[in-house]
Amino acid sequence: MNDTILEVRHLSKSFGRNHVLKDIDFAVRPGDVTSIIGASGSGKSTLLRCINLLETPTSGEILFHGENIAGGKVNANSYRSKVGMVFQSFNLFNNMTVLENCMVGQTKVLKKSHEEAKANAMKYLEQVGMAPYIKAKPRQISGGQKQRVAIARALAMEPEVLLFDEPTSALDPEMVGEVLSVMRDLAKEGMTMLVVTHEMAFARDVSNHVVFMADGVICEEGEPKELFEHPKQDRTREFLSRFMER
Ligand SMILES: Nc1ncnc2c1ncn2[C@@H]1O[C@H](COP(=O)(O)OP(=O)(O)OP(=O)(O)O)[C@@H](O)[C@H]1O
Ligand SMILES: [Mg+2]
């Protein structure tokens, strides 16, 4: 248990009277690729946003290497360099080039020199196949390319964990594959990932752990093969069968 990177304990979050997360517990260990699935509104994004300090939990703890980060005491930028996040809508800086997007966090937060940041950015842009586009601005590249840049930007911070919130949901169908393929390669290399996704094939084939959320609770979790082939809860079965119909 000592090598646990992230541990969520009794996490609850309410927006007014809307109890969005109710007593969530789970852990992320090195090399885990955890997929979070569940219907719209079940609280998946809110959970990731709490873990990335974009929301403040109403109660409970989020432990990063045993230290509670939910109390407002940690420096958000330095924490986010270790627990990076990739968003559905890319969130690139539109006034910066592809290369600058992948350098700015390194120079501002990690205090790396321009040269070092550039070399590191290039390494990860090559990894995602975006090195030929370093001079482009986000508006000049496709959605799939933007998301690959966003992944390179996150990787350039050399995080311990990467959080993904539906990274392919805003993409045209023909671009989903290129992003999933980058994520598959990352998983193969042993990157620790927590992925909210509607891509059931990814959840089943790439992750080693699947969490099914419903109405703000973890309804069921387990190994992908087990959860997809032998769901224990009625709600999981309903969700999966509705999904397969589509
Ligand atoms: N900032 C906010 N203020 C008020 N309510 C919010 C806020 N963010 C989320 N909610 C509510 O919390 C609930 C869970 O939302 P959340 O975005 O976490 O769901 P989700 O599982 O990510 O859904 P989806 O699959 O559609 O992305 C919803 O009822 C939503 O309206
Ligand atoms: Mg969401």
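Read the numbers this way: they start at 1 and go in the same order the structure lists the ligands and their atoms. Residue numbers start at 1 and run along the sequence shown. Quick caveat, the model's predicted, so the values are computed rather than measured.
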Pick, from Val20, Thr46, Leu48, Ile37, the option with the minimum heavy-atom distance to atom 18 (O) of ligand 1.
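Ranked by closest heavy atom to atom 18 (O) of ligand 1, first place is Thr46.
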
[X] heavy atoms, cut-off 4.0 Å: which ligand 1 atoms fall inside?
{"X": "Ser45", "answer": "17 (O), 18 (O), 20 (P), 22 (O), 27 (O)"}
{"X": "Ala39", "answer": "21 (O)"}
{"X": "Ser42", "answer": "19 (O), 21 (O)"}

Indicate, with yes or no, if Met183 and Ile37 share a hydrophobic cluster defined by side-chain heavy-atom contacts under 4.5 Å among Ile, Leu, Val, Met, Phe, Trp and Tyr.
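No; Met183 is not reachable from Ile37 via cluster members.
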
Going hydrophobic residue to hydrophobic residue with side-chain gaps under 4.5 angstrom, can you get from Leu6 over to Val74?
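Yes: a chain of side-chain contacts under 4.5 Å links Leu6 to Val74.
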
Tell me whether [X] contacts the main-chain N or O of [Y] through its side chain, where contact means a donor paired with an acceptor under 3.5 Å.
{"X": "Ser12", "Y": "Asp23", "answer": "yes"}
{"X": "Asn68", "Y": "Leu63", "answer": "no"}
{"X": "Arg80", "Y": "Asn52", "answer": "yes"}
{"X": "Gln147", "Y": "Val179", "answer": "no"}
{"X": "Asp165", "Y": "Gln88", "answer": "no"}

For [atom], find the nearest protein heavy atom and state the residue, atom name and distance (0.1 Å precision).
{"atom": "atom 26 (O) of ligand 1", "answer": "Ser40 OG, 2.6 Å"}
{"atom": "atom 3 (N) of ligand 1", "answer": "Phe15 CD2, 3.3 Å"}
{"atom": "atom 23 (O) of ligand 1", "answer": "Gly41 N, 2.8 Å"}
{"atom": "atom 21 (O) of ligand 1", "answer": "Lys44 NZ, 2.8 Å"}
{"atom": "atom 31 (O) of ligand 1", "answer": "Asn18 ND2, 4.5 Å"}

If we only consider heavy atoms of [X], is any one of them less than 4.0 Å away from an atom in ligand 1?
{"X": "Gly216", "answer": "no"}
{"X": "His198", "answer": "yes"}
{"X": "Gly43", "answer": "yes"}

Aromatic plane relationship, Phe243 with His198 - under 30° parallel, 30 to 60° tilted, over 60° perpendicular:
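Correct class here is parallel.
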
For a salt bridge (Lys or Arg N to Asp or Glu O under 4.0 Å) with Glu178, tell me which candidate from Arg184, Arg148, Lys146 qualifies.
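Considering Arg184, Arg148, Lys146, a salt bridge (Lys or Arg N to Asp or Glu O under 4.0 Å) with Glu178 is found only for Arg148.
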
Measuring to the Mg ion (ligand 2), does Ser45 have an N/O/S atom at a distance below 2.8 Å?
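It does: Ser45 brings an N, O or S atom closer than 2.8 Å to the Mg ion (ligand 2).
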
Part of Glu166 with heavy atoms under 4.0 Å of ligand 1, whether side chain, backbone, both or neither
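The answer is the side chain of Glu166.
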
